[in-house]
Amino acid sequence: MYAEVIVDVAAYPIDRPFDYSVPESYQALIESGCRVKVPFGNRQVLGFVTAIKEETDVPIDKQKPIAELLDIEPVLTQEMLALTKWMKRHTLCYEIDALQVILPSALRAKYEKVLRIADEDFDFPPEIRALFHQKQSVELKVDESKELLLIIKKLVKEDKLILETSVKQKTAVKKVRMVRIESDKNKLTAIYESISKQAKKQKDVLEWMIDRAGTRVLSTELLKLLDTSNAILQEVIKKGAATIEMEEVYRDPYADRTINPSSKLALTNEQQSALNEVLHSYEAHEAKTFLLHGITGSGKTEVYLQAIERALMDQKEAIVLVPEISLTPQMTNRFKERFGSLVAVLHSGLSTGEKYDEWRKIKRGEVKVVVGARSAVFAPFQNIGLIILDEEHESTYKQDDTPRYHARDIGIWRSEYHQCPVILGSATPSLESFARAKKGNYTLLTLSKRPKEQALPEVTVIDMREQLKNGNRSMFSLELAEAIRLRLDKQEQIVLFLNRRGHSSFVLCRDCGTVVECPNCDISMTYHRHQERIKCHYCGEESQVPNTCPECNSEHIRFFGTGTQKVEEEIAKYFPTARVLRMDVDTTRKKGAHEQILKQFGDGKADILLGTQMIAKGLDFPNITLVGVLSADTTLHLADFRAAEKTFQLLTQVSGRAGRHDKEGKVIVQTYTPEHYAIQFAQNHDFVPFYNQEMMNRKQFAYPPFTYVVLIQFTHEDVLMTAEYAHKAANWLRGNLSSGADIIGPSASSISRLQNRYRYQCLIKYKKEPELPEILQQLTRMYRTDWMKKGILMSIDLNPSSIM
Ligand code: ADP
Ligand code: ZN
Ligand code: ZN
């Protein structure tokens with residue numbers, strides 16, 4: 001018997017299954033989907049069995065056996081094995097990368113250095129004998145003393161010891177110690193009698209045990225209850241009064257939270273007809289994709305909940321994806337409130353162990369609903385009835401590291417496998433999805449009203465150019481400052497949103513709002529501080545930073561970008577009594593920090609919540625009556641063709657934070673370009689007109705969804721090497737792709753240098769290119785076999801979420 005094994009070595013010639021013989025002892029146990037330890041070269045690595053077969057082409061003298069079977073039950077289902085093959089082709093990743101990404105990190109390969117005795121008869125020095133402590137092999141830790149490491153090194157050289165790298169098999173399962181008390185009361189009494197009077201503490205324990213003969217108690221609990229020590233307990237156990245049993249338990253990240261159960265709401269007509277359509281396709285076992293377009297607060301979640309409830313009636317399972325779960329604890333709770341312990345939560349804030357426990361509950365079918373961020377789309381359910389992506393437009397659904405998969409694509413793939421519907425929900429769908437819905441590839445469902453017909457908040461747009469003209473140089477317009485003061489007086493809460501992303505900066509005229517754009521690409525030029533130049537990273541156009549505005553000749557032209565700390569200082573200056581909470585990457589590094597800040601704000605411990613992108617989502621507090629957007633322009637002038645779309649989405653999302661409950665909400669948006677259509681349409685919460693306008697622009701410049709885009713990025717420490725290989729690739733592509741494909745660049749990326757590596761990129765824009773997967777695979781092969789050795793790193797991103 002032979003097993004095809006994908007080994008944990010990410011390198012080009014190895015990206016295929018290898019045949020290993022299966023030792024007699026494993027033959028009845030092994031299945032595809034199990035993890036194994038196999039010899040590879042001169043070491044042992046982790047591998048995944050992808051098939052079992054009776055024959056192999058490997059000659060008998062070259063055959064190697066599997067060293068160890070790591071799972072009795074496969075960790076990967078047949079579905080997952082098929083999915084990884086699909087991912088390999090469609091994201092151009094190594095199969096092993098795809099296999100690893102779908103498993104919880106507890107099951108991924110970890111390696112350790114293991115020391116074994118080679119020569120049994122050798123008289124080892126005492127420190128070595130102490131190290132082994134009568135064991136045959138021990139893990140070698142790097143923090144051993146230098147002297148000891150030197151002795152080991154010498155003995156390894158002399159073949160007395162063997163040092164090898166081995167796959168680490170941590171038992172990620174958490175176990176607790178249970179004390180099982182002897183059930184025979186007479187025996188306990190006899191033991192009690194036999195203990196001398198001096199050992200009073202032991203006698204106390206036994207007395208307590210006699211009353212509880214035959215029961216089990218948590219060891220830690222017993223010690224606490226009786227105020228006794230483990231040594232005493234051990235003595236009693238030695239005498240036969242009890243035994244210790246290890247019991248498997250789950251770590252429960254929600255243990256300390258109280259959840260109030262909720263029951264289903266009577267749906268509005270719009271909700272009901274959306275639900276009916278979904279249920280119709282659910283009952284017909286159709287793999288249909290729905291786009292649920294509903295304004296903020298229109299009750300999309302209630303539709304999800306009731307659709308899931310239907311699937312649960314058939315013992316089927318549901319996956320619910322949310323963009324960033326630590327930012328949306330309120331959303332998670334709604335699923336727990338409705339479905340209680342049937343819900344598992346998977347997200348990046350959990351420890352490795354906690355994640356593994358949730359994963360096992362899913363695998364064993366002990367839960368039926370999983371709520372989680374991107375990677376939860378791989379939840380190992382085997383009988384899926386429904387898949388939901390909430391806020392489907394969010395770019396966090398695309399993994400920006402290999403394998404570069406989009407959770408939407410995986411969700412749709414799985415829906416076809418399970419023949420079940422998918423719901424993509426959003427108040428601001430991505431252009432791609434809305435276009436697909438219009439074409440009929442997806443089925444559009446619309447919620448145009450809030451359930452109690454609450455009005456959407458009023459949005460006021462402030463022209464910051466006017467403020468400057470009137471002598472106001474602060475970052476708060478008079479209107480915003482006034483509105484803040486009013487809320488502070490009334491003790492209502494304020495959210496201030498600083499629209500800021502990454503390192504990008506652009507050059508803006510504060511008098512007329514002009515932003516310097518590339519003449520060829522309709523994309524903002526990026527400011528490069530070091531060279532004092534502006535560049536189009538898209539086509540390579542570059543020039544000096546102008547001293548005066550090309551439109552109005554003003555000298556108030558400068559690069560733009562403000563940090564949250566600076567805003568905090570300004571708040572302290574203008575509103576000294578205000579209590580401020582700041583939420584940005586700096587204040588949320590620690591695990592659980594998001595939730596804590598949100599909780600403090602929810603408990604009324606601050607007047608102003610100041611933050612970046614991360615506060616745009618999920619906030620739902622009744623006392624927020626003002627949302628201020630300090631600078632709508634930052635995303636608007638991103639060097640990216642999705643700039644307008646992202647601005648519209650953000651403004652709509654943040655506006656949705658105000659006045660969700662009884663108190664009326666107000667939104668103030670500050671901008672230097674109030675006439676921009678993204679801001680105009682966001683002001684009126686008008687998605688469809690925005691969509692129509694934006695589609696016209698995309699069409700004119702042949703951007704998605706009218707074309708597809710592939711972003712290919714190159715990095716190297718040497719700028720000339722980077723440019724050379726970027727050119728090589730671009731030329732090669734020009735020679736191999738059809739004339740219908742447009743290859744743009746290469747040019748410097750908008751972040752032109754990162755961690756000491758220069759960055760170049762080129763883009764492929766195409767409408768139809770049937771050979772593309774093969775051509776990109778060939779390019780990848782050239783890269784992996786040759787260019788990589790020269791220190792070049794190349795990444796290929798199909799349908800990138802951003803081209804920066
Ligand atoms: P969305 O997900 O579209 O932003 P939510 O599902 O959060 O909207 O709903 C907004 C609010 O409306 C929530 O407080 C929810 O409980 C309430 N709600 C939803 N559907 C109904 C309904 N049919 N009747 C009454 N209230 C509803
Ligand atoms: Zn100007
Ligand atoms: Zn350009």
Side-chain angles (χ1 to χ4, degrees), residues 256-257 296 322-333 347-349 396 457 474-477 479-502 561-632 634-635 650-651 653-661 663 665-670:
D256 54 353
R257 235 172 283 181
T296 53
V322 293
E324 228 315 352
I325 202 159
S326 55
L327 303 182
T328 51
Q330 287 172 320
M331 177 83 178
T332 317
N333 282 347
H347 70 89
S348 56
T396 52
S474 96
M475 55 180 75
F476 303 105
S477 60
E479 288 82 351
L480 181 57
E482 178 59 33
I484 293 175
R485 231 164 258 130
L486 197 70
R487 298 305 178 294
L488 290 174
D489 286 347
K490 287 204 283 187
Q491 300 189 339
E492 292 175 352
Q493 288 181 302
I494 303 155
V495 170
L496 287 183
F497 177 69
L498 184 70
N499 189 0
R500 190 182 149 73
R501 275 177 75 103
T562 318
T564 39
Q565 273 177 354
K566 183 121 184 283
V567 181
E568 202 176 11
E569 287 163 21
E570 288 252 317
I571 295 174
K573 200 165 105 194
Y574 289 97
F575 313 102
T577 59
R579 298 165 302 161
V580 182
L581 276 171
R582 178 157 66 91
M583 186 149 140
D584 56 21
V585 278
D586 294 327
T587 61
T588 53
R589 261 187 248 283
K590 272 222 306 270
K591 183 182 163 184
H594 289 114
E595 254 194 284
Q596 211 184 342
I597 294 174
L598 291 181
K599 184 168 185 316
Q600 282 180 31
F601 194 62
D603 291 347
K605 302 247 165 69
D607 308 302
I608 301 180
L609 177 65
L610 163 67
T612 51
Q613 263 67 5
M614 53 179 84
I615 60 172
K617 287 172 229 149
L619 275 184
D620 188 6
F621 297 120
N623 205 28
I624 302 176
T625 58
L626 175 66
V627 170
V629 178
L630 292 171
S631 53
T634 328
T635 35
L650 262 170
L651 292 180
Q653 296 290 342
V654 278
S655 302
R657 299 308 118 216
R660 291 171 73 87
H661 298 260
K663 291 180 189 164
K666 185 172 176 58
V667 181
I668 295 181
V669 175
Q670 302 188 155

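- Side-chain contact check for F476 versus L496: some heavy-atom pair is nearer than 4.5 Å.
- Distance CD1/I494 to CZ/F575: 7.5 Å, rounded to 0.5 Å.
- Minimum heavy-atom separation, G665 to P457: O-CB, 3.6 Å.
- In this structure, V654 and V667 have side chains that are not in contact, with every pair of non-hydrogen atoms separated by 4.5 Å or more.
- Here the side chains of K666 and I668 are in contact, with some heavy-atom distance below 4.5 Å.
- Checked against side chain to side chain contact (heavy atoms under 4.5 Å, CB included), K605 has the following partners two or more places apart in sequence or in another chain: Q600, D603.
- Formation of a donor-acceptor pair under 3.5 Å by the E568 side chain with backbone atoms of L610 is not found in this model.
- Residues passing the side-chain hydrogen bond (donor to acceptor under 3.5 Å, both in side chains) test with E492 are T625, sequence neighbours excluded.
- Not one N or O on the side chain of N623 forms a donor-acceptor pair closer than 3.5 Å with the backbone of F601.
- Listed by chain and number, the residues in a side-chain hydrogen bond (donor to acceptor under 3.5 Å, both in side chains) with E479 are Q467 (sequence neighbours excluded).
- Looking at I484 and I608, their side chains come closer than 4.5 Å, going by heavy atoms from C-beta outward.
- Rounding to the nearest 0.5 angstrom, the gap separating the CD atom in Q493 from the CZ atom in R579 is 8.0 Å.
- Nearest heavy-atom pair across M331 and V322 is CG-CG1, 4.0 Å.
- With respect to L581, the side chain to side chain contact (heavy atoms under 4.5 Å, CB included) criterion is satisfied by exactly one of L609, L598, D607: L609.
- In this structure, CZ on R487 lies 9.5 Å from CD on E482, to the nearest 0.5 angstrom.
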